[in-house]
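A quick write-up on the structure given underneath.
Excluded from the calculations below are hydrogen atoms, water molecules and symmetry mates; all remaining heavy atoms, backbone and side chain alike, are included. Residue numbers begin at 1 in each chain, while the letters A, B, ... track the order of the sequences. Keep in mind the model is a prediction, meaning the values are calculated, not measured.
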There are 2 protein chains.
Amino acid sequence: MTKSETKKLLLKDVARLAGVSEMTASRALRGTADVSKATRARVEEIARTHGYVPNRIAGSLSSQSVNLVAVVVPSLNSFVFPEVLSGISSVLKETPLKPVVGVSGYELEEEEEVIREMLSWRPSGLIVAGLEHSEATRRMMAQADCPVVEVMDVDGTPVGHCVGISHLQAGRDMAAQILARGYRRIGFIGTKMPQDFRARKRFDGFIEGLSEQGVTLMDREHYAGESSIQTGRQLTAQMLERNPDLDCIYYSSDVMSVGGLMHCLGAGLSVPGDVALAGFNNLQILQGLPLDLATTDACRREIGERAAKIVLQAREAEKPLAPICTRLSPPISLGQSL
Amino acid sequence: MTKSETKKLLLKDVARLAGVSEMTASRALRGTADVSKATRARVEEIARTHGYVPNRIAGSLSSQSVNLVAVVVPSLNSFVFPEVLSGISSVLKETPLKPVVGVSGYELEEEEEVIREMLSWRPSGLIVAGLEHSEATRRMMAQADCPVVEVMDVDGTPVGHCVGISHLQAGRDMAAQILARGYRRIGFIGTKMPQDFRARKRFDGFIEGLSEQGVTLMDREHYAGESSIQTGRQLTAQMLERNPDLDCIYYSSDVMSVGGLMHCLGAGLSVPGDVALAGFNNLQILQGLPLDLATTDACRREIGERAAKIVLQAREAEKPLAPICTRLSPPISLGQSL
DNA sequence: AATGTTAGCGTTACCGCTATCGATATCACA
DNA sequence: TGTGATATCGATAGCGGTAACGCTAACATT
């Protein structure tokens, strides 16, 4: 059945075996019109039994179209982007388009390289997390002849389309909630990755929100590297040791606030009695903990879905689409920790 | 700066602007030999300022080589595969090869479609999780003219190369550890996704390990869908309600055992005093919990690294590489929960 | 009978880039 | 001065498909 010695099987081989021209075989396999049922069946049968895999490189070059959507995210470990992807996939599932993922590692230079690589494949769309890019990246995106959607964030100037939430506002809103509940001795724990722009915006918004009501941060801690429960736990311990009278901590990620909760559990502190906790993202790991932690839902799935729909929409349209910018409102859930 | 009205910039345009032939421009941009320093610099300069992005579709068709490695995993949400990816990326980082990820959703049909799509781009390698595939998938992989590496699992018959651990043995080993510590009233909680073959193998091995010492499972519970802390917590609660005298539970995933721990914390049960817990994978979320949970390290990162190295090795070699099968030994850590 | 219509298929000309081979210029050295 | 070696570059011919258009046979229409 499988002579692996056989030379690579080409469309012309399939065509010859089916006794039709290359063109007819091509049409048959792609399901386009102008092929009789009988011929199509014969070609398909031959292709299947011989294990023909079409060469999409040649096909795409010829047809000048690539059914891929490039998706560039900072990380896949961080719990947050897989859900954006899953939103994208669910929308694309019913179309001929397929997502292709690239990882930029929270570094603009790496991002530039990844996007260049992606665009060199001439995809049907580019979805990229964040609004901050190198100058060269912005140029590439502006010149790309495919729709570009920047996602997650709306605080800035998008090159093309844009779907996200305002992290500045998210920080402000959480500050308002915390203040409304009477907390005044407040700490912040967040990443210091210089390029996690969204975490920084939440921080800035949070500070603004506090200061609007005359409150200043009592303590803050910044960490390098990826967020983890472990890190959240350690930094919470340190901060509470320094400031035993803190009554609330805001974290730049749920993963970190879970760590905070773990510390409190271990140290016998009551939440929110001794200290209130709040995170960000509404990650799935919040479900099933001894206590529901306060958080802001970052609308990750919906962001992915909407971004994919914009790409589809741009594909349908014959004119280049006018820039769309969708700002979602991230709901805060207070849980039992505030 | 950016006339977006400009027609798409082609290599021939760059060449013309630089006053050289297309061929020389091509060589200059790809860094191959036979170009003077001065010429190369000029071409690069022009390409950069004009934002030229090479068309890799045309390039690959012409050179009959694609610098991509296809990686097919069942899921990106499950915490486990991102680390395999990260192992792959770290090895590929220093080479011209780039990983491209496809998601099969724990379904063989979807896997078949994803792999077909991947192979249609004629990648330099294919790394796929698991040994179980549809007949058509096996045929495609066997005929593919690139190295194929099946990863994660070694219990079965690989089509090409193989790197992984024995999940059967991992289950057996954990059974031995549990029995050695005197536990006899044992429960199991695991996925019932019919196609999570590795979870099933661990289960089978576990049962074997118990029965070798005359012990049978006291209770078992299977769930559909992705693993989560929430689910682990609920099922643990149910199981302990049915069998309050259980003294140990083995989970098919760490995420689930964390849920078990959460239940115990909430219900005031001591671990391992009232009930011992053990999971699988050695996920990062185990770090920072109130208690170190027992687990088996699935060697995910190393598996990724080794798979990538095999692809590189096959690329160097001129003969098709003889099948390599690497079986890693997953270390068990007992933590404080056994 | 002449003409139009349509389904089904084939021929031609590329898509944008690179492998290959040959051409030319330059320089070292006998 | 001639000879070859070396460095640098260009013309040609594809890579494996598909868009566009052309052609034919068979049937419908007038």
Tell me, please, which residues at least two apart from A:Arg122 pass salt bridge (Lys or Arg N to Asp or Glu O under 4.0 Å).
none
In degrees rounded to 10°, what angle is found between the helical axes fit to the five outermost pairs at each end of the helix from C:dA1-D:dT30 to C:dA30-D:dT1?
40°
Summary of salt bridge (charged side-chain N to carboxylate O under 4.0 Å, His left out) pairs that have at least one residue in residues 39-54 of chain B, sequence neighbours excluded:
B:Glu45-B:Arg48
Salt bridge (Lys or Arg N to Asp or Glu O under 4.0 Å) partners for A:Arg300, two or more places apart:
A:Glu83
Only pairs at least two apart or in different chains count here, so list each salt bridge (charged side-chain N to carboxylate O under 4.0 Å, His left out) that has a residue in residues 15-35 of chain B.
B:Asp13-B:Arg16
In chain order, what residues pass the salt bridge (Lys or Arg N to Asp or Glu O under 4.0 Å) check against A:Arg306, with sequence neighbours excluded?
A:Glu302
List the atom pairs, donor and acceptor, that lie under 3.5 Å between side-chain atoms in residues 97-111 of chain B and the rest of the protein, sequence neighbours left out.
unit_1, atom_1, unit_2, atom_2, d
B:Ser104, OG, B:Val73, O, 3.4
B:Glu111, OE1, B:His133, ND1, 2.8
B:Glu111, OE2, B:His133, ND1, 3.4

Applying salt bridge (Lys or Arg N to Asp or Glu O under 4.0 Å), can you list everything that pairs with B:Glu226, at least two apart in sequence or on another chain?
none
Distances under 3.5 Å between protein N/O atoms and the N/O atoms of nucleotides 23-25 of chain D, please, pair by pair.
none

Name the atoms and distances for all side-chain donor-acceptor pairs under 3.5 Å in residues 61-72 of chain A, with sequence neighbours left out.
unit_1, atom_1, unit_2, atom_2, d
A:Ser63, OG, A:Gly59, O, 3.0
A:Ser63, OG, A:Ser65, OG, 3.2

What range of DNA chain C does chain A touch, first nucleotide to last, counting atoms under 4.0 Å from its heavy atoms?
C:dG8 to C:dG16
Between the protein and nucleotides 18-22 of chain D, list every N/O to N/O distance that falls short of 3.5 Å.
unit_1, atom_1, unit_2, atom_2, d
D:dT18, OP1, A:Arg30, NE, 3.3
D:dT18, OP2, A:Ser26, OG, 2.2
D:dT18, O4', A:Ser62, OG, 2.5
D:dT18, N1, A:Ser62, OG, 3.4
D:dT18, O2, A:Ser62, OG, 3.3
D:dA19, OP2, A:Arg30, NH1, 3.1

